Undergrad: 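Attaching a single structure in structure tokens format; questions to follow.
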Amino acid sequence: MGSGGQSPPAPDAFHCFCNPSFDFAGGDCYLGQVGHGIGQDLPGTRVPDGREPAPSGLDVEILLTEVDRVRLLRAEARRGLTATPKQLPPKWFYDERGSRLFEAITREPEYYLTRREREILGAHAADIARTTRAETLVELGSGSSEKTRLLLDTLRAEGSLRRFMPFDVCLPAVADAAASLRRDYPGLDIKAVVGDFNEHVRFLPRTPAGGSRLVAFLGSTIGNFDEGERARFFAALRVVLRPGDWFLLGADLVKSKRRLDAAYNDAAGVTVEFNKNVLRVLNRDLRATFDEALFDHVAAYDRERELVDIRLRARAAHEVKVRALGLTVSFAAGEEMRTEISVKFTRAGLEKALRAAGFSRARFWTDRAKDFSLSLWQVR
Ligand code: SAH
Ligand code: AVI
């Protein structure tokens with residue numbers, strides 16, 4: 001990514017950092033200007049319409065503007081659609097509709113992950129608050145931040161919490177979450193951030209010296225990284241955290257293929273809609289011609305690799321135009337395009353990866369059924 005020449009940030013709270021590799025105009029920041037990039041078109045690219053810039057004055061820090069987002073989508077779609085086998089990164093599921101579909105998945109009976117993680121948080125959030133006494137809570141891939149309220153409540157009761165920073169690639173999701181949390185937690189400094197955690201973790205805000213920070217990464221979103229991405233993410237996070245900071249990781253555990261296949265193939269078909277949403281995003285933002293009806297959702301647990309492999313399979317041979325890229329993509333009948341992996345973990349595997357990145361474990365919990373894990377890591 002290369003940040004060349006970035007001067008050290010002032011030690012104030014929530015300083016806005018810009019990433020020169022994302023071509024922020026004149027190195028300007030977008031603090032408090034949601035939607036700043038919307039409407040600045042790129043050649044051959046239609047910036048999504050139908051989206052109202054959020055009301056000005058809403059305090060959202062934009063590390064990834066709409067223009068950056070579309071530029072990144074173009075690059076990643078070109079790479080993935082011309083690769084063999086074809087693949088698309090899972091971050092592109094999450095426009096407003098995709099985020100809503102994910103929330104709907106969490107309510108499906110087969111998708112146990114969210115309920116199990118909530119159970120662990122319910123049982124141990126007070127311990128987490130007592131142990132960390134965090135002044136700042138940062139949540140990566142925060143989505144609706146619904147479960148996070150359990151942490152906000154206990155950290156407030158502990159008397160340590162001053163600020164909360166939900167960080168997500170999906171502007172509508174993070175702006176909505178921040179608005180509702182502002183109503184429910186008056187006096188808490190809430191700063192929403194729109195960014196890509198694969199790119200922007202090193203731009204986490206500076207906070208006043210002395211106050212400890214807790215970075216939460218919940219929902220087993222870590223499972224959507226491959227091994228290399230995971231190692232890079234932990235290493236990047238370790239670099240920005242200071243001694244005395246904490247990392248809270250929610251990770252789904254290895255279990256039977258029967259249950260995992262069911263969790264990613266819910267009977268109501270919400271996961272099918274979620275998976276196909278990436279095609280709508282490409283159609284809208286890159287003027288592509290994907291026909292959802294020509295693809296089947298395929299999700300199956302691979303016991304060897306300990307991951308659920310999630311794909312879209314072409315029902316028939318056909319061509320898709322991606323007009324913004326000047327690309328025609330051919331699909332053979334039965335050809336599969338990977339849209340996501342969802343890795344399942346063991347305690348030993350998690351410990352190995354986090355210790356390798358320089359974290360020390362403070363706690364490891366599971367729910368009563370031992371389906372899901374929550375672990376607290378310390379930076380010494
Ligand atoms: N943490 C929530 C949401 C999990 S869904 C929960 O536990 O329920 C995954 C979330 O990560 C979504 O909100 C999605 O928008 C966000 N996300 C996915 N890829 C991202 C990326 N590269 N950078 C930042 N956020 C990302
Ligand atoms: C966000 N992520 C952890 C979810 C998962 O379980 O991998 C996304 C998801 N994909 C299909 N269902 C849910």
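The model shown is predicted, which means the values in this text are computed figures rather than measured ones.
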Undergrad: Short question: side chain of R133, backbone of E158 - any donor-acceptor pair under 3.5 Å?
TA: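 At least one qualifying donor-acceptor pair exists.
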
Undergrad: Got a sec, which residues hit salt bridge (Lys or Arg N to Asp or Glu O under 4.0 Å) with R162, two or more places apart in sequence or on another chain?
TA: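 Residues passing salt bridge (Lys or Arg N to Asp or Glu O under 4.0 Å) with R162: none at all.
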
Undergrad: For T148 and E139, test the side chains for any donor-to-acceptor distance below 3.5 angstrom and give the result as yes or no.
TA: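 Short answer, yes.
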
Undergrad: How about F164 and Y185: are their ring centroids closer than 6.0 Å?
TA: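 No - the distance between ring centres of F164 and Y185 does not fall below the 6.0 Å cut-off.
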
Undergrad: Is the side chain of E117 donor-acceptor paired with the backbone N or O of G219 at a distance under 3.5 Å, no angle test?
TA: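 Indeed, once roles are kept as given, a pair shorter than 3.5 Å links the two residues.
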
Undergrad: Might you point out which heavy atoms bring P166 and V174 nearest each other, and give the distance in Å?
TA: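 P166 and V174 have their closest heavy atoms at O-CG2, 3.5 Å.
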
Undergrad: Going through the distances and angles, do F295 and F331 end up as a ring pair (Phe, Tyr, Trp, His ring centres under 6.0 Å)?
TA: CA-CA 10 Å; F295 288 90; F331 284 87; 5.1 Å; yes

Undergrad: Are the charged groups of E146 and R118 less than 4.0 angstrom apart, N to O?
TA: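 Salt bridge between E146 and R118, a charged N being under 4.0 Å from a carboxylate O: no.
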
Undergrad: Can the ring centres of F290 and H318 be said to be less than 6.0 Å apart?
TA: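 Not under 6.0 Å, so no.
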
Undergrad: May I ask you to check whether T339 and N275 show a side-chain donor-acceptor distance below 3.5 Å?
TA: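 The criterion, which ignores hydrogens and geometry beyond distance, is satisfied for N275 and T339.
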
Undergrad: Taking D168 for the side chain and G143 for the main chain, is one N or O donor matched with an acceptor at less than 3.5 Å?
TA: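 Looks like yes, one N/O pair under 3.5 Å.
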
Undergrad: Tell me, which pairs form a ring-ring contact (aromatic ring centres under 6.0 Å, His included) where one or both residues lie in residues 59-111, sequence neighbours left out?
TA: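 Counting only pairs at least two positions apart or across chains, the ring-ring contact (aromatic ring centres under 6.0 Å, His included) contacts touching residues 59-111 are F93-F274, Y94-F274, Y111-Y264.
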
Undergrad: Please determine, by modelled atom types, if N224 and T221 share a side-chain donor-acceptor pair under 3.5 angstrom.
TA: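 Absent: no donor and acceptor within the cut-off.
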
Undergrad: Donor-acceptor pair, R182 side chain versus I190 backbone, under 3.5 Å?
TA: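 Yes, because the side chain of R182 sits within donor-acceptor range (under 3.5 Å) of the backbone of I190.
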
Undergrad: Closest heavy-atom contact between R315 and A333?
TA: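 Answer, listing the atom of R315 first, then A333: O-CB, 4.4 Å.
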
Undergrad: What distance separates D196 CG from F203 CZ, expressed to the nearest 0.5 Å?
TA: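 Reported value, rounded in 0.5 Å steps: 11.5 Å.
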
Undergrad: Identify, with sequence neighbours excluded, every residue that meets salt bridge (Lys or Arg N to Asp or Glu O under 4.0 Å) alongside E273.
TA: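 E273 satisfies salt bridge (Lys or Arg N to Asp or Glu O under 4.0 Å) with R97 once adjacent residues are dropped.
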
Undergrad: Compute the centroid of each ring, for F217 and then for F197, and state whether the two points are separated by less than 6.0 Å.
TA: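 Yes, the ring centres sit under 6.0 Å apart.
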
Undergrad: Among the clusters formed by ILVMFWY side chains lying less than 4.5 Å apart, do L81 and V281 turn up in the same one?
TA: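 Yes, one cluster joins them.
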
Undergrad: Under 3.5 Å, is there a donor on one side chain and an acceptor on the other for S342 and K344?
TA: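 On atom types as modelled, these side chains qualify, holding a pair under 3.5 Å.
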
Undergrad: Could R69 and E66 be called an ion pair, given the rule that one side-chain N must be under 4.0 Å from one carboxylate O?
TA: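 Counted as a salt bridge, because a side-chain N and a carboxylate O are separated by less than 4.0 Å.
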
Undergrad: Any luck finding a side-chain donor-acceptor pair between R347 and S373 under 3.5 Å?
TA: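 On atom types as modelled, these side chains do not qualify, holding no pair under 3.5 Å.
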
Undergrad: Going by atom types only, do S160 and E135 share a side-chain donor-acceptor pair under 3.5 Å?
TA: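 No, E135 and S160 have no side-chain donor paired with an acceptor closer than 3.5 Å.
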
Undergrad: Would you check if the side chain of H124 reaches a backbone N or O of I120 as a donor-acceptor pair within less than 3.5 Å?
TA: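 Pair absent, no side-chain N/O of H124 close to backbone of I120.
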
Undergrad: Assess the side chains of S220 and R116: does a donor N or O sit below 3.5 Å from an acceptor N or O?
TA: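 No, R116 and S220 have no side-chain donor paired with an acceptor closer than 3.5 Å.
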
Undergrad: Is a side-chain N or O of D367 found less than 3.5 angstrom from the main chain of D371, in a donor-acceptor match?
TA: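 Yes, because the side chain of D367 sits within donor-acceptor range (under 3.5 Å) of the backbone of D371.
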
Undergrad: Would you indicate whether K370, at its atom NZ, is surrounded by more than 12 heavy atoms from other residues, nucleotides or ligands within a distance under 6.0 Å?
TA: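 Count not over threshold, so no.
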
